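A short write-up of the structure that comes next.
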Protein chains: 2
Amino acid sequence: MRECCDMRGFLSFIVLRLISKKNMSGEDIRKEMKKRKGAKPSPGTIYPVLKALSESGFIQEVKDSGKEKKYKLTKKGQKELKAATRKFCEIFYDMKEEFGRFC
Amino acid sequence: MRECCDMRGFLSFIVLRLISKKNMSGEDIRKEMKKRKGAKPSPGTIYPVLKALSESGFIQEVKDSGKEKKYKLTKKGQKELKAATRKFCEIFYDMKEEFGRFC
DNA sequence: CTACAAATATCGTATATCCGATATTAATAT
DNA sequence: ATATTAATATCGGATATACGATATTTGTAG
């Protein structure tokens with residue numbers, strides 16, 4: 001249901017955010033996470049997420065040269081991301097100060 | 001290990017943040033979540049988190065009149081919150097714009 | 001065409017959220 | 001003292017992260 005406080009969609013949220021900025025493959029995402037966090041998520045983490053997001057119709061494969069499989073956001077995915085962002089901000093509306101201090 | 005991208009500590013993160021601002025009981029936290037999200041987390045969600053946080057030494061019961069059991073952050077909890085905030089900002093450093101638009 | 005390597009896919013396992021339901025505790029009202 | 005009620009605690013069950021290991025696909029080099 002994910003009605004109330006379910007924080008379990010955060011990895012999907014992050015992936016959606018990344019893909020929304022630039023078409024990305026699983027490897028692209030893993031590299032970006034490494035840049036941000038210092039460690040790559042394991043393949044067993046990222047590919048199932050991509051699959052689920054794809055099956056939900058939020059992302060879509062893009063034809064591309066090379067062996068990578070790039071994804072782009074669908075219309076549905078854009079709506080989902082917007083809704084998720086709103087929720088995120090409702091929970092963390094008071095993070096602004098910390099963003100100033102830590103980021 | 002929660003080394004890389006484990007987003008599964010977010011509820012604890014939120015609870016730690018709330019308690020850091022004001023000593024709070026489980027009910028206080030549920031009410032605050034309702035204010036932010038429109039729905040209360042179920043008791044089965046919040047009390048186990050409080051218990052785990054307490055057993056980890058991050059929060060501590062405070063004597064209080066009334067039937068509520070208020071918690072405060074411990075020194076260890078303060079350190080944990082600071083570290084968690086830093087991690088949070090590393091992942092979401094590019095949320096500033098959205099914070100402007102949505103919050 | 002074949003070998004290689006990179007990217008992707010899948011599997012088994014573990015833990016952290018989550019919920020609803022039920023039980024317990026404890027302050028208060030009668 | 002007992003009943004009421006709010007707060008807390010616990011339980012069973014579900015799903016979303018996570019990992020490491022293994023398998024499969026696919027582009028490229030030879």
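On a predicted model such as this, the values are computed, not experimentally measured, just so you know. Residue numbering restarts at 1 for every chain, and letters A, B, ... go by the order of the sequence lines.
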Any protein N or O atoms within reach of nucleotides 9-12 of chain C? Criterion: under 3.5 Å, listing atom names and distances.
| residue | atom | partner | partner atom | Å |
| --- | --- | --- | --- | --- |
| C:dA9 | OP1 | A:Lys69 | NZ | 2.4 |
| C:dT10 | OP2 | A:Lys51 | NZ | 3.4 |

Pairs under 3.5 Å (N/O, protein and nucleotides 4-6 of chain D):
| residue | atom | partner | partner atom | Å |
| --- | --- | --- | --- | --- |
| D:dA6 | O4' | B:Lys67 | NZ | 3.4 |

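B:Lys22 pairs by the salt bridge (Lys or Arg N to Asp or Glu O under 4.0 Å) definition with nothing, not counting sequence neighbours. In this structure A:Asp94 satisfies the salt bridge (Lys or Arg N to Asp or Glu O under 4.0 Å) test together with B:Arg17, B:Lys21, B:Arg36, sequence neighbours excluded. In this structure B:Ser25 satisfies the side-chain hydrogen bond (donor to acceptor under 3.5 Å, both in side chains) test together with B:Asp28, B:Glu68, sequence neighbours excluded. With sequence neighbours left out, A:Lys35 forms a salt bridge (Lys or Arg N to Asp or Glu O under 4.0 Å) with A:Glu32. Among residues two or more places apart in sequence or in another chain, the side-chain contact (heavy atoms from CB on, under 4.5 Å) test is passed with A:Asn23 by A:Val62, A:Lys72. Take A:Tyr47 and apply the ring pair (Phe, Tyr, Trp, His ring centres under 6.0 Å) test, not counting sequence neighbours, and it matches no residue. Evaluation of the ring pair (Phe, Tyr, Trp, His ring centres under 6.0 Å) rule for B:Phe58 yields no partner, not counting sequence neighbours. Judged as a side-chain contact (heavy atoms from CB on, under 4.5 Å), and not counting sequence neighbours, B:Lys79 has no contacts.
Ion pair A:Lys87/A:Glu90 not flagged as a salt bridge, since none of the NZ, NE, NH1 or NH2 atoms sits closer than 4.0 Å to an Asp/Glu carboxylate oxygen.
Contact annotation: A:Ser12 reaches the phosphate of D:dT17 (side-chain N/O to OP1 or OP2, under 4.0 Å).
The separation between A:Ile59 atom CD1 and C:dT8 atom P is 11 Å, rounded to whole Å. To the nearest angstrom, P of C:dT8 lies 9 Å from CZ of A:Arg30. Between the CD atom of B:Glu55 and the C1' atom of C:dA16 there is a distance of 14 Å, given to the nearest Å.
A heavy-atom distance below 4.0 Å to DNA chain D is reached by none of the residues of residues 16-24 of chain B.
Sorted pairs that involve residues 49-62 of chain A and meet side-chain hydrogen bond (donor to acceptor under 3.5 Å, both in side chains), not counting sequence neighbours, are lacking altogether.
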